[in-house]
Amino acid sequence: DQQVKQNSPSLSVQEGRISILNCDYTNSMFDYFLWYKKYPAEGPTFLISISSIKDKNEDGRFTVFLNKSAKHLSLHIVPSQPGDSAVYFCAASAQGGADGLTFGKGTHLIIQP
Amino acid sequence: EAQVTQNPRYLITVTGKKLTVTCSQNMNHEYMSWYRQDPGLGLRQIYYSMNVEVTDKGDVPEGYKVSRKEKRNFPLILESPSPNQTSLYFCASSFTGGYGYTFGSGTRLTVV
């Protein structure tokens, strides 16, 4: 039973345009959501996060939106740059997350020049 | 530099030969976890630890052991590796638990 779902294995976006990566979750106990970025041969690195008490969090070119009623979150990257090409993982935790994070399967974002 | 260090980075071994992948963090984090990454399956948690001598199973613990005798170290032990444990392994640590983990660079394990 997959609790965090990223239904798009890959996404291709033209440089300069907006990239939108989507994530759905099923566990109502999740109260904190994170996005990680991963390059080949490296570990995942933290990108941005959002608490369930918010519906939006912004950090530079990256914005995460949370729709609790739909159990859906999305990551917007504007404008997309070549260095954004990577695998993006959505992750969630519940009640402080002492038992770690639950990850989606990832979306491979490809920025086309 | 604050980091999570895993060793080795690459390892090829034979079925049944016990091995240990080490993980060390220098950030005084209480929380540590092990994940494996497989194509099409994303990152799945193997084991986690909330503090010294406190460990628990994640989603895919079969065939693995861990120990947490010191705060900084969290080794992953494969007592009798099998080919289905061929994977990319990541260790991670956190000060705040679910509010963000720092990951190591990964260990690519091949069991033949």
- Task: Would you mind checking which part of A:Leu34 comes under 4.5 Å of any heavy atom in chain B, side chain (CB onward), backbone (N, CA, C, O), both or neither?
- Result: side chain

- Please say whether more than 12 non-hydrogen atoms of neighbouring residues, nucleotides or ligands are located less than 6.0 Å from CE in A:Met29. no

- Message: In the structure I gave you, are the side-chain heavy atoms of A:Leu101 and B:Tyr35 within less than 4.5 Å of one another anywhere?
- Response: yes

- Message: At a heavy-atom distance under 4.5 Å, which candidate from A:Gln6, A:Gln2, A:Glu42 has the highest pair count against chain B?
- Response: A:Glu42

- Query: With chain A, which of B:Pro39, B:Gly104, B:Ser49, B:Gly42 has the greatest number of heavy-atom pairs at distances under 4.5 Å?
  - Reply: B:Gly42

- Item | Heavy-atom contact with chain A under 4.5 Å, split by part of B:Arg9 | side chain

- Item | A:Ile18 and A:Val13, any side-chain heavy atoms less than 4.5 Å apart | no

- Is it true that the side chains of B:Asn26 and B:Ser24 contain a donor and an acceptor less than 3.5 Å apart? no

- One option among A:Ser49, A:Gly43, A:Ser93 has the most heavy-atom pairs under 4.5 Å with chain B, and it is A:Gly43

- Proximity breakdown for B:Tyr101 and chain A, heavy-atom pairs closer than 4.5 Å: both

- For A:Phe33, is it the side chain, the backbone, both, or neither that has a heavy atom closer than 4.5 Å to a heavy atom of chain B? neither

- Answer key: most heavy-atom pairs under 4.5 Å with chain A among B:Gly106, B:Ser33, B:Gly40 is B:Gly40

- Query: Should B:Thr15 and B:Pro83 count as side-chain neighbours, where that means a heavy-atom distance under 4.5 Å?
  - Reply: yes

- Query: Does any heavy atom of chain A fall under 4.5 Å from the side chain of B:Gln37, the backbone, both, or neither of them?
  - Reply: side chain

- Query: Distance-only, no hydrogens or angles: does the B:Tyr47 side chain make a donor-acceptor pair with backbone N or O of B:Leu76 under 3.5 Å?
  - Reply: no

- Message: If we ignore hydrogens and angles and just use 3.5 Å, is the side chain of B:Gln25 paired with the main-chain N or O of B:Met27 as donor and acceptor?
- Response: yes

- Can a donor-acceptor pair be found between the side chains of A:Thr107 and A:Ser8 at a distance below 3.5 Å? no

- chain B contact via A:Pro44 - which portion, at a heavy-atom distance below 4.5 Å: both

- Pairs of heavy atoms under 4.5 Å with chain A: top-ranked of B:Thr96, B:Leu43, B:Asp38: B:Leu43

